[in-house]
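Have a look at the structure below, then the notes.
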Amino acid sequence: MAQTVPSIACLGVIGRNNNPLHITIFPSFDSTTRTYVPVRTPLQFSLLLSGTLDVFETRARQQSHPGGNPASGPGSLLLSGDFGLLHAIDDRLAAYGFETNTGVKFVAVVDLRGRSPSILPSGNNNDNNNTVGAKGGSGGIGLRDNELKPVFRAMQTAYVRLLQNPFYDPDETTVIAGAKPGGAAKRITSRKFADEMRKIGELWAPGVATL
């Protein structure tokens, strides 16, 4: 089997009311065709992101009251918002999560066999991708939770930058209880934000400290 290293397969942003705000899908290495293609359809990735919501809720409840005792106070997770590994989807994909203090959730789906150091995705020639080969292994490797911290830090920075845009109205992306049919929240349509998400996914590799 060709040597491969982990890569980002999907980045998702979920609103504070669990409404999808943004999704970016990245191609993964197919060792059979030796080309890059997404490992799931957009609908399948959307379902994977939705499936993380129960994990966010359960983990937050556990961390808020360690040991199930409300008197024990909040856990340390609430200080950083980093939920780490949410769940392993299969032997190839794993979902990691981060929640902001306003309830917006960032999800990174990692493909443990997503990139070949010797064959880069078309148009992707950054130096970070060329230096990660030594960390790879045949069939992929496990990741430490902190490997995804640069991803979530960059996603949060991009989201804050979006909120600072005077032409962006965050209320348009918020589901309001009792809203009329057809009044569903909009998704993030900013091209700059989408470009930043794509850049984050393309530049990340195990060992990369900043994005």
Legend entry - Under 3.5 Å side-chain donor-acceptor pair for K105 and N18: yes
Can any side-chain N or O of [X] pair as donor or acceptor with the backbone N or O of [Y] at less than 3.5 Å?
X: R59; Y: L86; answer: yes
X: N146; Y: K149; answer: no
X: N17; Y: N19; answer: no

Inset, instruction - Start with the C-alpha gap between R40 and D90, add the side-chain angles, then the distance that decides, and say whether salt bridge (Lys or Arg N to Asp or Glu O under 4.0 Å) holds. - result: CA-CA 12 Å; R40 296 286 192 279; D90 54 29; 2.7 Å; yes
In Å, rounded to the nearest 0.5 Å, how long is the span from [atom1] of [X] to [atom2] of [Y]?
X: R161; Y: Y168; atom1: CZ; atom2: OH; value: 14.5 Å
X: M197; Y: C10; atom1: CE; atom2: SG; value: 11.5 Å
X: S116; Y: Y36; atom1: OG; atom2: OH; value: 5.0 Å
X: L11; Y: W204; atom1: CG; atom2: CH2; value: 10.5 Å
X: H22; Y: E196; atom1: NE2; atom2: CD; value: 10.0 Å
X: L21; Y: K186; atom1: CG; atom2: NZ; value: 13.5 Å

Inset, instruction - Output all residues satisfying side-chain contact (heavy atoms from CB on, under 4.5 Å) with T41, sequence neighbours left out; order by chain, then residue number. - result: L43, Q44
Inset, instruction - Sequence neighbours left out, what passes ring pair (Phe, Tyr, Trp, His ring centres under 6.0 Å) with F45? Give chain and number order. - result: none
Using atom types as modelled, flag every donor-acceptor pair under 3.5 Å from a side chain in residues 46-56 to any protein atom, sequence neighbours excluded.
residue: S46; atom: OG; partner: P42; partner atom: O; Å: 3.0
residue: S50; atom: OG; partner: S46; partner atom: O; Å: 3.1
residue: T52; atom: OG1; partner: L49; partner atom: O; Å: 2.6

Do the non-hydrogen side-chain atoms of [X] and [Y] ever get within less than 4.5 Å of each other?
X: V110; Y: P6; value: yes
X: T4; Y: S31; value: no
X: R92; Y: V39; value: yes
X: I188; Y: L162; value: yes

Inset, instruction - Let me know which of D82, V109, L143, I8 forms a side chain to side chain contact (heavy atoms under 4.5 Å, CB included) with Y96. - result: L143
Please find the pair of heavy atoms, one from [X] and one from [Y], that lie closest to each other, and give the distance.
X: V151; Y: A108; value: CG1-CB, 4.3 Å
X: T102; Y: R16; value: O-CB, 3.4 Å
X: R115; Y: A205; value: NH1-CB, 4.1 Å
X: P20; Y: R187; value: CG-NH2, 3.5 Å

Inset, instruction - May I ask you to say whether E57 pairs ionically with R61, meaning some side-chain N is under 4.0 Å from a carboxylate O? - result: yes
Inset, instruction - Flag yes if M155 and L163 sit in one hydrophobic cluster, no otherwise; membership is Ile, Leu, Val, Met, Phe, Trp, Tyr, and two members link when side-chain heavy atoms are under 4.5 Å apart. - result: yes
Inset, instruction - Validate the cation-pi geometry between R198 and F26: distance from NZ or CZ to the six-membered ring centre under 6.0 Å, angle to the ring axis within 45°. - result: yes
Inset, instruction - Please assess L203 against V208 for the test side chain to side chain contact (heavy atoms under 4.5 Å, CB included), listing each intermediate value before the final yes or no. - result: CA-CA 8 Å; L203 291 180; V208 171; over 6 Å; no
Inset, instruction - May I ask you to decide if the ring planes of Y159 and F106 are parallel, tilted or perpendicular, using 30° and 60° as cut-offs? - result: perpendicular
Inset, instruction - Evaluate side chain to side chain contact (heavy atoms under 4.5 Å, CB included) for S28 paired with V37, printing each intermediate quantity in order. - result: CA-CA 5 Å; S28 293; V37 294; over 6 Å; no
